[in-house]
Every structure is written in structure tokens, then in C-alpha cells.
Amino acid sequence: MNDVVEVVVPLGERSYTVAVGHGARTLASSMIPEHSRRVAVVTQAGIPDIYIPQFEGRAVSVHIIGDGEAHKSLATIERLCSEFAREGLTRGDVVVAVGGGMVTDVAGFAAASYHRGIPVVHVATSLLAMIDAAVGGKTGVNIPEGKNLVGAFWQPHGVICELDALATLPEREMRCGLGEMAKYHFIVREDLDELPFNERVARCVGIKAEIVAADEREGGVRAFLNYGHTLAHALEIGTDFEIAHGEAVSIGVLYAAHLAEAMGRIDAERVDEHYRVVHEVYSLRNPLPTGVTVERLIEDMGRDKKAIDSLTFVLDSANGLDVVSGIQEHDVRSALDALVQRLG
Ligand code: GLY
């Protein structure tokens with residue numbers, strides 16, 4: 001195991017460590033509660049067994065969940081909780097999620113619900129889970145009325161970002177993680193691209209840790225983590241989720257720049273910086289999906305979870321990001337025109 005970086009999410013008695021590194025999974029057994037006797041590992045068939053940590057002296061059961069959004073459901077939570085009950089898990093035991101963001105969201109919610117809450121440790125094997133989903137305590141599942149509409153804030157006992165897993169991550173999943181990584185460049189004004197990749201992952205975790213510590217329940221600054229997400233969610237809905245979340249975020253970040261420029265919050269140079277990060281640093285040259293109309297995008301953006309009144313966006317300015325409400329439709333339209341023109 002080389003150079004594991006440990007980042008603390010400081011939440012008082014519920015503080016925990018995120019260990020980032022190659023081979024970091026060997027630290028998982030030190031993260032589970034000392035007195036736990038049973039470990040329920042929740043994972044997917046496609047996740048190689050080598051990423052399932054060893055838990056000496058404990059009874060380990062493995063629970064496989066399906067791939068794809070259809071399995072991110074209350075039915076999966078019910079099945080997992082039944083399996084935990086049949087294994088005899090009590091509140092003193094622990095769930096260990098091994099996989100990407102879907103696994104950590106589902107296993108985290110099952111852990112939050114079972115026995116009214118048992119500890120969970122996340123072993124993140126995708127870039128998106130490492131720098132976003134596994135850290136910060138958001139868990140949940142979809143219902144037919146919307147994605148992630150049912151869930152709980154349930155902070156893990158610890159998180160492992162197993163960098164070994166990135167070597168075999170499918171290319172599209174890696175690009176989705178990079179879409180989320182790009183957004184961190186604008187949450188903080190640091191030259192993240194100057195950091196070696198492993199350190200950059202740890203820095204993104206650190207940025208998220210600071211934000212979650214400041215605003216665990218998303219009453220304020222945690223919304224910054226949704227930079228680029230308002231258009232991204234509309235693109236996901238408009239394409240029936242054919243565009244992946246991280247791909248949509250990479251476009252949403254560029255759109256947020258155009259909107260901030262249309263509103264006079266940033267200049268053209270800052271818009272160019274968004275394109276430099278997304279197109280050049282991360283090579284995320286995702287085109288706008290065909291078949292989504294401007295009208296549909298505007299309608300879906302208005303329905304976004306963050307829309308407090310009318311259209312609400314996280315937008316850049318010379319002093320950093322702000323949550324901005326009451327945005328005029330003509331600015332939304334002219335920014336969409338600018339995006340279409342620039343993406344070609
Ligand atoms: N994924 C955004 C958040 O954790 O708040």
C-alpha cells in the first residue's frame with residue numbers, strides 16, 4: 001500500500017476518515033466498529049472480489065444488488081433488509097458497501113433504515129463515488145416520480161477510496177467521474193490540474209469534507225456541490241437518462257458559465273477557463289444530445305429540486321459561487337444559445 005492520504009470529515013462525534021490510495025481497502029477493517037460481529041457486504045456482480053476487504057474474526061455475508069437505475073429502488077432496500085435480518089444483523093453490526101455511487105447510495109440507505117440505523121463503511125471503486133457519492137452522507141433510491149426522491153442523510157463510519165480500482169474502471173464511468181471532478185475547479189479557485197491525479201482525488205474529497213462540515217443538510221453552501229447540475233438534470237430527464245450523470249454535468253458546468261456571463265457575473269475569459277478545464281484538462285468534449293428542445297430543458301430546469309422559486313442556479317462570480325434565484329428566462333435562453341453555438 002503506497003501513500004494513503006487520510007482526509008477527515010469533521011462532524012463532531014460523527015467525524016470520520018476518508019482514506020485515499022492504492023490498496024487503501026486494507027484499512028477497511030480498522031474502520032468498522034470494534035465490537036461488531038457481523039459484516040454485511042453490499043456489492044454488485046461486476047465489482048471484482050479483490051476489492052472486498054477481509055474482516056478477520058467476523059461473520060461476513062455478501063449481498064449482490066443489480067446494475068442500473070431500475071435496481072436503485074425501494075424493492076432493493078426491502079430485499080437487503082430482509083437478508084440482513086436473516087443473517088441476524090443487529091444495531092451493533094455493520095454494512096460495508098463496495099462499489100460505485102449506486103452501491104454506496106443503496107447500501108447507505110439500507111444501513112440508515114435497518115434497525116433505524118446501523119453503521120456503514122463505504123469502499124468506493126469508481127471515481128464518482130470517491131469524490132462525491134460515498135462522502136457526505138447522502139443516501140437514497142429512486143421512485144417512479146423521480147431520482148433519489150427517497151433517502152436519508154446517514155454519515156458513514158469511514159470511507160475508502162480504492163485507487164487500484166480506477167485502472168479497470170470502464171472508460172465511460174471514468175469520464176463521468178471526471179465530469180464531477182471538473183466542477184471542483186470552480187467551487188474553489190485552485191489550480192487543481194497542477195496536482196498529480198491521486199492528490200487531486202484527495203483534494204476533491206477534502207473540498208467536499210469542508211463543505212459537508214459547514215452545511216451537512218444542504219441549507220446553504222452544500223448546494224455548491226451541485227454546480228452545473230441544474231442543466232445536467234434536465235439533460236438526463238430529456239434523454240431518458242441515456243446521457244450519464246457525469247457527462248451531463250460536464251455540459252452543465254459550461255452552461256452555468258454562459259449563464260453567469262449572460263447575467264454579467266463573469267467575463268468571457270472566465271467562460272474560456274471553464275472550457276479549458278472541461279475540454280482540455282479532462283478532454284470531456286460531450287456534444288449536446290440531439291432531440292432535447294430548448295423548451296423542454298427550460299421546463300425541466302424549473303422543476304429541479306433546487307428551484308426554490310422559479311429558476312435557481314449555482315453561478316460563478318468574481319468572488320466565487322452563489323446560489324441565485326429568480327433568474328430571468330431571457331438569460332436562460334441566451335445562455336443556451338451561446339452553449340449551442342460554442343459546442344457546435
Ligand atoms: N452530491 C452532492 C452532495 O453530496 O451534496
Side-chain angles (χ1 to χ4, degrees), residues 7-11 14-16 18 20 69 72 97 99-109 111-112 120 122 124-142 146-159 161 173 176-188 201-237 241 243-253 256 301 304-308 312-315 320-323:
V7 179
V8 173
V9 183
L11 289 167
R14 292 173 300 122
S15 297
Y16 55 94
V18 183
V20 183
E69 290 291 321
K72 194 175 172 185
M102 173 173 161
V103 176
T104 61
D105 277 9
V106 170
F109 187 40
V120 64
H122 296 309
T125 62
S126 74
L127 180 59
L128 193 141
M130 292 176 196
I131 62 172
D132 194 23
V135 178
K138 280 191 182 173
T139 72
V141 296
N142 307 328
K147 275 185 71 174
N148 298 324
L149 273 190
V150 179
F153 284 97
W154 190 245
Q155 297 295 343
H157 253 231
V159 179
C161 298
E173 270 194 63
C176 284
L178 293 175
E180 289 285 351
M181 191 173 248
K183 98 189 162 188
Y184 282 101
H185 288 245
F186 305 102
I187 294 176
V188 289
V201 172
R203 181 63 193 126
C204 291
V205 171
I207 295 165
K208 180 150 189 186
E210 286 161 25
I211 290 176
V212 168
D215 176 25
E216 186 181 1
R217 296 266 170 162
E218 201 169 320
V221 290
R222 187 161 180 164
F224 294 175
L225 294 167
N226 293 326
Y227 189 52
H229 282 53
T230 310
L231 180 71
H233 288 149
L235 289 171
E236 288 179 84
I237 294 165
F241 297 93
I243 189 167
H245 178 69
E247 292 168 340
V249 169
S250 72
I251 300 172
V253 162
M301 286 194 284
D304 188 80
K305 276 207 290 270
K306 288 182 301 308
I308 300 159
T312 301
F313 281 82
V314 178
L315 291 178
L321 300 185
D322 297 302
V323 179

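For ligands, and for the atoms within them, numbers begin at 1 and follow the listed sequence. Keep in mind that the numbers below use all heavy atoms, side chains included, and drop hydrogens, waters and symmetry copies.
- For the residue pair K72 / N148, a side-chain donor-acceptor distance below 3.5 Å is found, with atom types taken as modelled.
- For Y184, the ring-ring contact (aromatic ring centres under 6.0 Å, His included) criterion is met by no residue, not counting sequence neighbours.
- Every N/O-N/O distance between N226 and ligand 1 stays at or above 3.5 Å.
- Using 4.0 Å as the threshold, H229 has no heavy atom nearer than that to any atom of ligand 1.
- The pair K208-D132 meets the salt-bridge criterion, since a charged nitrogen lies less than 4.0 angstrom from a carboxylate oxygen.
- Looking only at heavy atoms of the protein, atom 2 (C) of ligand 1 is closest to D132 OD1, 3.7 Å.
- Of the N and O atoms on the side chains of E180 and H229, at least one donor lies less than 3.5 Å from an acceptor on the other residue.
- The closest protein non-hydrogen atom to atom 5 (O) of ligand 1 is R222 NE, 2.7 Å.
- With respect to R203 and E210, a salt bridge is recorded, a charged nitrogen being found less than 4.0 Å from a carboxylate O.
- Looking only at protein heavy atoms, the nearest one to atom 4 (O) of ligand 1 is K208 NZ, 2.6 Å.
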